[in-house]
2 protein chains.
Amino acid sequence: MTSARAEPPARRRLTARGALTRERIVRAAADLMHANGVAGTTMDQVIEASGTSKSQLYHYFDDKDALVTAVIKMQTARVMERQEPHLEQLSSLQGLRRWRDAVVSFVEERHGAHGCEIGSLASELADRSEPARILINATFRSWESYLAAGLRRMQDRGELDTEADVAELATGIMAAYQGGHLLSQAGRTAQPIALALDLAIRNVEALAPQRKSASGAAS
Amino acid sequence: MTSARAEPPARRRLTARGALTRERIVRAAADLMHANGVAGTTMDQVIEASGTSKSQLYHYFDDKDALVTAVIKMQTARVMERQEPHLEQLSSLQGLRRWRDAVVSFVEERHGAHGCEIGSLASELADRSEPARILINATFRSWESYLAAGLRRMQDRGELDTEADVAELATGIMAAYQGGHLLSQAGRTAQPIALALDLAIRNVEALAPQRKSASGAAS
DNA sequence: GATAATCTGGAATACTTAGTCTAGAGGACG
DNA sequence: CGTCCTCTAGACTAAGTATTCCAGATTATC
């Protein structure tokens, strides 16, 4: 137990200006890597796109791997920010369908181009960098847990069988999302992700308790 | 209409030996690119892994893009060969479950490592090379059509509602496969793809006609 | 078996790329 | 207001990387 510091390399103090520069670099890198892949993005491109210099880049990041780590974290934050408003208050089938619609619209806008920010990173990095894989997997799990929390609220409201395993359902929905996204990317159309999510949601519908809800609609 | 040849650059005659060398190159490239990505694979690595030389590589392929095209075609053939035996005779829910089991076992063996051969290529290339995207999309569609044909046989045998849209179901199952594969890759466990396929198959089960089948089993 | 093709060996080229290094500007904080 | 740390500039290095090229071995085909 000498002076051993665990994981974080204890980044030195950051000036306000420094934080801004760092942010600009990561943002540019994230965009480039999403469009051209990690291996397809060069440090020089990041420098140019961010309007910084070599020494700045290497001042804030030891090497490309460190930059990639920061990019993964930023993309995680981005995706979560985009998803949170929909998932945070998810508590009904209708809410689930609204989420589906938002996702499909998002994919439709770009004609499927550029897959899911996290999904692309996962595909490229999962087998080639263990630290990256761990970060990305954590993002998936946390994303799923948001979904699962919503499903649990649906159980509480009597819209979903309490026997259903919400974690497993969430994984299934997540898979439909990622797979649909990939097929939409290859086909340049939102149809696959729309179908995939519909299929997944139909599963949730099928797990609705026998209608004896508060609304009292007779069969 | 002079001498215009359409797509294929009219590859010159190939000797038996030449065909073999070419094959060796593509096989090595396919393996490397599956493991390290297209951008992460160098021509020199391909040369070394295939035991060939620079002039051989460039004798058979104009450039890296041409090699990548050949790799996509080989991976398509590989995946289809692996899937065909299961999908060709698919005509029942049980057959569908057997397919699922085979897929899950396959993923389990490698602990999720290395995603689907086609899925990885799709993620890396779909946005960066239009010819590649088209090839890959065609593979997905053809793969789905195998699945759809099996579902249609299930309809014929009365195991699936004839109203069900088999093409859409097939796309949904394919998305579950791809998304499940990706999540399994990130998590290094077959659980996600197992759950995703189970979810998709449960959907097919739910579309079974009201039991009035020939077997006449009472409830 | 001549001859023209395919096929192979490997050096050479032109360019990229990640990462280093020296020098100095700018701000924080006593 | 001086001193130290953060921050920036940009040339430089060393190692790759795709691709070309010339020369020669091998094989098809007449």
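Protein chains get the first letters and strands the later ones, always in sequence-line order, with residue 1 at the start of each.
Qualifying side chain to side chain donor-acceptor pair (under 3.5 Å) partners for B:Gln89, counting only residues two or more places apart in sequence or in other chains: none. For B:Arg24, there are no salt bridge (charged side-chain N to carboxylate O under 4.0 Å, His left out) partners at least two apart in sequence or on another chain. Every salt bridge (charged side-chain N to carboxylate O under 4.0 Å, His left out) that A:Arg100 has, sequence neighbours left out, goes to A:Asp198. The side chain to side chain donor-acceptor pair (under 3.5 Å) check on A:Thr69 picks up nothing, with sequence neighbours excluded. With sequence neighbours left out, A:Thr171 forms a side chain to side chain donor-acceptor pair (under 3.5 Å) with A:Glu144. Evaluation of the side chain to side chain donor-acceptor pair (under 3.5 Å) rule for B:Thr42 yields no partner, not counting sequence neighbours.
Looking at heavy-atom distances under 4.0 Å, B:Thr21 makes contact with sugar-phosphate atoms alone, never a base.
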Give every pair of a protein N or O atom and an N or O atom of nucleotides 17-27 of chain C that lie under 3.5 Å apart, one pair per line with the distance.
from	atom 1	to	atom 2	distance (Å)
C:dA18	OP1	A:Lys64	NZ	3.2
C:dA18	OP2	A:Met43	N	2.8
C:dG19	OP2	A:Lys64	N	2.9
C:dG19	O6	A:Lys54	NZ	3.0

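Separating the CD1 atom of A:Ile47 from the P atom of C:dT16 is a distance of 15 Å, rounded to the nearest angstrom. Going from atom CD of A:Glu48 over to atom P of C:dT16 covers 13 Å, rounded to whole Å. Nucleotide D:dC21 holds its P atom 16 Å from the NE2 atom of B:His59, rounded to whole Å. Distance, A:Phe61 CZ to D:dC7 P: 12 Å, rounded to whole Å.
Contacts between residues 23-35 of chain B and DNA chain D, defined by a heavy-atom separation below 4.0 Å, involve no residue at all.
A ring pair (Phe, Tyr, Trp, His ring centres under 6.0 Å) check over residues 108-154 of chain B, counting only residues at least two apart or in different chains, returns the pairs B:His34-B:His114, B:Trp143-B:Tyr177.
An OP1 or OP2 oxygen of D:dT6 is reached within less than 4.0 angstrom by no side-chain nitrogen or oxygen of A:Tyr60. Between B:Gln56 and C:dC7, a side-chain N or O to OP1/OP2 separation shorter than 4.0 Å is absent.
A salt bridge does not link B:Arg202 to B:Glu205: none of the charged nitrogens lies less than 4.0 Å from a carboxylate oxygen.
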